[in-house]
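In what follows, a single structure is set out as structure tokens and then discussed.
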Amino acid sequence: MRQRRGFSMEQRKARWGWIFVTPSLLFFFVFSFYPIFNSFYLSFFRKNLLSLKPPTFIGLDNYKYLMRSSLFWQSVKNTAVFTVGAFLPLLVLSLILAAFIMTRPRFRKGFQMLLYSPAALSSVVAALIWLLIFDPRGIANQALNALMNTSGVNYHWLSSPGMLRLSTIIVYVWKYVGYFTVIFVAGIGAIPGSLHEAALIDGADRWTDFWHITFPLLKPTTLLVSVMAMIQCLKTFSTQYLFVTSGAMSQPIEVITLNIYNTAIKDYSIGRASAMSVLLFLVMLTFTWVQLRLSRTEEVSYM
Amino acid sequence: MKRMKRLNLADIAILACLVGVCIVVLIPLAFMFTSSTMPAIDILKLPYPWFSDHFHWQNFWNGIKGPEGTFIFLRNILNSLIVALAVTCSTVVLSALTGYGLAKFEFKGRTVVFMLIMATMMIPFEAIMIPLYMVVTRMGLQDSYAGLIVPFLTSAFGIFLMRQFLMTFPNEVLDAARIDGASEPRIFASIVLPNAKPAIATLAVLTFRSQWDSLLWPLLVIQSEEMKTIPLYITKFMAETHSDEGIMMAIAVMASIPMFIMFLTMSEYFINREGLHSSTKG
């Protein structure tokens with residue numbers, strides 16, 4: 001019989017390598033791969049969450065149903081409005097703030113911490129605070145009245161469809177602007193100082209330096225932030241859920257994740273919820289794929 | 001002594017802008033703290049009384065006690081702590097173990113394993129929550145700590161982070177320990193883990209925060225009041241129409257304390273982790 005000693009160092013190491021990765025690998029098979037395949041599988045079946053009957057195969061009927069469902073398209077539109085509405089200000093604001101912060105090295109950390117602090121709150125707490133701020137008697141109306149030089153006007157933050165959408169976007173931008181600013185600060189910080197010095201010696205002012213040195217070199221970071229922010233916005237759930245739970249109308253802010261949740265938990269239609277999950281997954285996969293493609297061609301090297 | 005650099009107009013404008021934005025960002029936080037110490041009547045007074053003359057500490061006591069006097073808030077905050085800590089410990093250990101295995105051991109199929117794990121990062125939780133819920137129900141884990149913890153035992157991002165971090169770890173140190181006769185688990189526990197502190201701290205902070213914040217998953221698996229986590233407790237409170245605003249904000253403050261402590265003591269791991277993130281990508 002062969003002794004354990006007979007194994008070479010390489011073989012032993014290979015065995016330990018497998019031992020170290022196996023627990024996580026098994027985990028992902030049960031809690032990632034199996035569920036995503038199951039999502040695809042169930043999207044072709046009719047299945048009630050509460051019934052014990054086995055699912056009935058109905059082909060593409062769930063997808064056909066969704067294509068005709070106005071509620072589905074409404075939630076797609078809500079998600080799109082929210083994503084574009086939150087993503088653009090997030091991107092622009094965080095880039096500007098990061099560029100500003102970089103001009104003040106002494107306060108860099110302080111400003112980053114202050115701007116980041118809302119991200120330390122949980123989204124439930126954030127929604128709770130803003131619901132009171134957006135109350136008809138709350139400080140949002142007071143601030144807007146002071147700003148617009150009106151008095152006592154109610155701007156219906158939570159009761160007109162457009163304002164309600166804007167409100168959820170404000171909460172989101174407020175919570176995450178610091179998070180993305182920090183990423184941009186890291187990106188700008190990674191640009192070698194020698195490049196800026198060279199530009200300044202050539203007589204560039206700070207604006208030219210930013211526009212022609214920092215901004216182009218920041219492309220990979222901008223791309224990373226764009227896709228991260230977009231994917232995050234597509235997945236938004238908590239703010240909308242809490243706004244609806246506390247009495248805001250659901251129609252303008254029922255985003256796709258909220259629709260999936262309601263379809264599965266309130267209507268018990270697992271098949272339809274799965275079909276929506278699959279569509280959401282495919283959209284996000286496309287975004288990620290585009291990001292990977294772009295980042296490969298846009299990689300900046302400072303060698 | 002250093003001479004003060006003269007600020008020009010552009011500098012002043014930039015500084016004013018930054019300070020202005022910071023103030024706007026901090027107003028909601030200030031609102032949370034000030035209103036948590038006010039009676040409900042004052043909170044929705046016009047105009048908002050930023051500085052109230054008396055400290056209405058009863059909000060905190062009533063928040064802890066709850067409307068029925070059951071102190072369920074304490075149980076719920078304990079649940080949140082248990083789940084967040086359990087998930088954080090397990091994610092750190094399993095991610096470090098797998099990341100170490102991928103970074104420092106050569107075996108057939110290593111690339112495939114790495115690619116498979118990276119592929120799971122593209123699967124959004126929202127797209128698999130329904131089948132995941134069915135898996136957990138079939139395991140009989142609904143409405144339990146295990147149901148909250150088990151689907152998050154490890155993380156692909158964590159494995160990626162640990163792998164990138166450990167790739168630069170010197171092989172000589174590991175081989176020296178092997179020659180000294182240390183077993184592989186021993187090397188991992190007493191050499192690799194202690195030396196991976198920055199990456200571990202980053203991962204721990206991130207994991208704890210996302211668990212403390214988690215709403216969607218507990219919403220699916222938890223039914224009983226006793227098993228609710230803090231986000232669910234707050235949600236229930238918000239859904240009740242006659243909740244006292246002062247008490248609500250006191251609860252919000254208390255629910256944020258662990259995050260604030262973490263943020264203030266470990267801010268460098270919040271701020272630097274994006275640096276770590278972007279330096280480890282690619």
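No experiment lies behind these values; they were computed from the predicted model shown.
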Worksheet item: With a 4.5 Å heavy-atom cut-off, do B:Ile130 and A:Ser39 have their side chains touching?
Response: no
Worksheet item: If you tally heavy-atom pairs under 4.5 Å against chain A, which of B:Leu215, B:Thr137, B:Val19 wins?
Response: B:Leu215
Worksheet, complete the sentence: When every non-hydrogen atom of B:Met122 is compared with those of A:Phe281, the smallest separation belongs to O-CE1, 3.5 Å
Item to complete: Any chance you could lay out the side chain to side chain contact (heavy atoms under 4.5 Å, CB included) test for A:Tyr261 and B:Leu219, step after step, and finish with the verdict?
Response: CA-CA 10 Å; A:Tyr261 173 82; B:Leu219 214 49; 3.4 Å; yes
Worksheet entry | Under 4.5 Å from a heavy atom of chain A, the part of B:Ser214 involved | neither
Worksheet entry | A:Ser246 OG to B:Glu240 CD distance, which is reported to the nearest 0.5 Å | 12.5 Å
Response to the item:
Checked B:Gly101, B:Ala127, B:Gly99 vs chain A; the most non-hydrogen pairs under 4.5 Å come from B:Ala127
Response to the item:
Highest number of heavy-atom pairs under 4.5 Å with chain B among A:Ala126, A:Gly178, A:Ala120 belongs to A:Ala120
Worksheet item: What pair of heavy atoms forms the shortest contact from A:Arg137 to B:Leu44, and how long is it?
Response: NH2-CD1, 3.3 Å
Worksheet, complete the sentence: Bottom line for B:Met139: the part with an atom under 4.5 Å from chain A's heavy atoms is side chain
Item to complete: Check each atom of A:Leu97 against the heavy atoms of chain B and say whether the ones under 4.5 Å are side chain, backbone, both or neither.
Response: both
Discussion item. At a 4.5 Å cut-off on heavy atoms, which part of B:Arg110 comes close to chain A: side chain, backbone, both, or neither?
Written reply: neither
Discussion item. Main chain of B:Pro131, side chain of A:Asn38: is a donor-acceptor contact present, judged purely on distance under 3.5 Å?
Written reply: no
Worksheet item: So, for A:Leu128 and B:Met249, which heavy atoms are closest and what is the spacing to 0.1 Å?
Response: CG-SD, 4.4 Å
Worksheet, complete the sentence: Here the pair of heavy atoms bringing B:Leu94 nearest to A:Ser24 is O-OG, 3.7 Å
Discussion item. Classify the ring geometry of A:Phe20 against B:Phe105: parallel below 30°, tilted from 30° to 60°, perpendicular beyond 60°.
Written reply: perpendicular
Discussion item. Given heavy-atom pairs under 4.5 angstrom as the criterion, report whether the side chain, backbone, both or neither of B:Ser256 touches chain A.
Written reply: side chain
Worksheet entry | Gap between atom CG of A:Leu25 and atom CG of B:Leu102 - 0.5 Å precision | 9.0 Å
Worksheet item: In Å and rounded to the nearest 0.5 Å, what is the OG to CD1 distance from A:Ser277 to B:Ile123?
Response: 12.5 Å
Practice prompt. Let me know if B:Val253 has heavy atoms under 4.5 Å from chain A in its side chain, its backbone, both or neither.
Written response: neither
Fill in: From CD1 (B:Ile128) to CZ (A:Phe40), nearest 0.5 Å
12.0 Å
Response to the item:
Given A:Ile139, A:Thr22, A:Leu49, A:Thr257, the one with more heavy-atom pairs under 4.5 angstrom with chain B than any other is A:Ile139
Worksheet, complete the sentence: If one checks every heavy atom of A:Gln112 against chain B at 4.5 Å, the contacting part turns out to be both
Worksheet entry | Heavy-atom contact with chain B under 4.5 Å, split by part of A:Trp130 | side chain
Worksheet item: So what's closer than 4.5 Å to chain B heavy atoms on A:Ile129: side chain, backbone, both or neither?
Response: both
Worksheet item: Non-hydrogen atoms of chain B under 4.5 Å away: do they reach the side chain of A:Leu279, the backbone, both or neither?
Response: neither
Worksheet item: Where does A:Ala143 contact chain B at under 4.5 Å (heavy atoms): side chain, backbone, both or neither?
Response: neither
Practice prompt. Measure A:Thr103 against the heavy atoms of chain B and call it side chain, backbone, both or neither at under 4.5 Å.
Written response: side chain
Practice prompt. Please flag which part of A:Ile101 lies under 4.5 Å from any non-hydrogen atom of chain B: side chain, backbone, both or neither.
Written response: both
Worksheet item: What part of A:Phe100 lies closer than 4.5 angstrom to a heavy atom of chain B: side chain, backbone, both or neither?
Response: both
Practice prompt. Could you tell me which portion of B:Tyr48 (side chain, backbone, both or neither) has an atom closer than 4.5 angstrom to a non-hydrogen atom of chain A?
Written response: both
Worksheet item: Between A:Ser32 and B:Thr120, is any side-chain donor less than 3.5 angstrom from a side-chain acceptor?
Response: no
Fill in: Option in B:Pro231, B:Gly109, B:Ala10, B:Ala255 with maximal non-hydrogen atom pairs under 4.5 Å from chain A
B:Pro231
Worksheet entry | Heavy-atom pair of closest approach, residues A:Ser122 and B:Trp212 | CB-O, 4.3 Å
Worksheet, complete the sentence: Honestly, the part of B:Met121 sitting under 4.5 Å from a heavy atom of chain A is neither
Fill in: Side-chain touch B:Pro185/A:Trp16, heavy atoms, less than 4.5 angstrom
yes
Discussion item. Contact between A:Ser238 and B:Leu216 at the side-chain level, heavy atoms closer than 4.5 Å - yes or no?
Written reply: no
Fill in: Side-chain touch A:Lys13/B:Lys104, heavy atoms, less than 4.5 angstrom
no
Worksheet item: What part of A:Phe29 is in contact with chain B, defined as an atom under 4.5 angstrom from a non-hydrogen atom: side chain, backbone, both or neither?
Response: side chain
Worksheet item: Are the side chains of B:Leu116 and A:Phe28 in touch, meaning some heavy atoms are under 4.5 Å apart?
Response: no
Worksheet item: Any chance the rings of B:Phe152 and A:Phe31 have centres within less than 6.0 Å?
Response: no
Worksheet entry | B:Leu132 versus chain A, the contacting section by heavy-atom distance below 4.5 Å | both
Worksheet item: Would you say B:Glu184 and A:Ile19 make side-chain contact, with heavy atoms under 4.5 Å?
Response: no
Worksheet item: Does atom CZ of B:Phe260 have more than 12 heavy-atom neighbours, drawn from other residues, nucleotides or ligands, at distances under 6.0 Å?
Response: yes
Worksheet entry | Heavy-atom pair count under 4.5 Å with chain B, highest-scoring of A:Pro118, A:Ala264, A:Gly138, A:Ser123 | A:Ser123
Item to complete: Answer with side chain, backbone, both or neither: which region of A:Met113 has an atom nearer than 4.5 Å to a non-hydrogen atom of chain B?
Response: both
Discussion item. Between A:Phe237 and chain B, with a heavy-atom cut-off of 4.5 Å, which part of the residue counts as in contact: side chain, backbone, both or neither?
Written reply: side chain
Discussion item. At a 4.5 Å cut-off on heavy atoms, which part of A:Ile36 comes close to chain B: side chain, backbone, both, or neither?
Written reply: both
Worksheet item: Quick one: of B:Thr235, B:Ile159, B:Ile234, B:Ile27, who has the most non-hydrogen atom pairs under 4.5 Å with chain A?
Response: B:Thr235
Item to complete: Side chain from CB out, backbone as N, CA, C, O: work out which of these in B:Met262 comes under 4.5 Å of a heavy atom of chain A, or both, or neither.
Response: neither
Practice prompt. Look at atom OH of A:Tyr268 and say whether more than 12 heavy atoms of other residues, nucleotides or ligands are closer to it than 6.0 Å.
Written response: no
Worksheet item: Is the shortest heavy-atom distance from the side chain of A:Met276 to the side chain of B:Glu126 under 4.5 Å?
Response: no
Practice prompt. Could you check B:Val113 against A:Trp18 for side chain to side chain contact (heavy atoms under 4.5 Å, CB included), going step by step and ending with a plain yes or no?
Written response: CA-CA 10 Å; B:Val113 171; A:Trp18 270 110; 3.7 Å; yes
Practice prompt. Measure the CG-CD distance between A:Leu132 and B:Glu245 for me, rounded to the nearest 0.5 Å.
Written response: 5.5 Å
Worksheet entry | Interchain contact, B:Val25 with chain A, by part (heavy-atom threshold 4.5 Å) | both
Worksheet, complete the sentence: Whatever's closer than 4.5 Å to a heavy atom in chain B on A:Leu280 counts as side chain
Worksheet entry | Heavy-atom side-chain contact between A:Leu121 and B:Met32 under 4.5 Å | yes
Worksheet item: Looking at B:Leu264, B:Leu153, B:Val136, which one has more heavy-atom pairs under 4.5 Å with chain A than the rest?
Response: B:Leu153
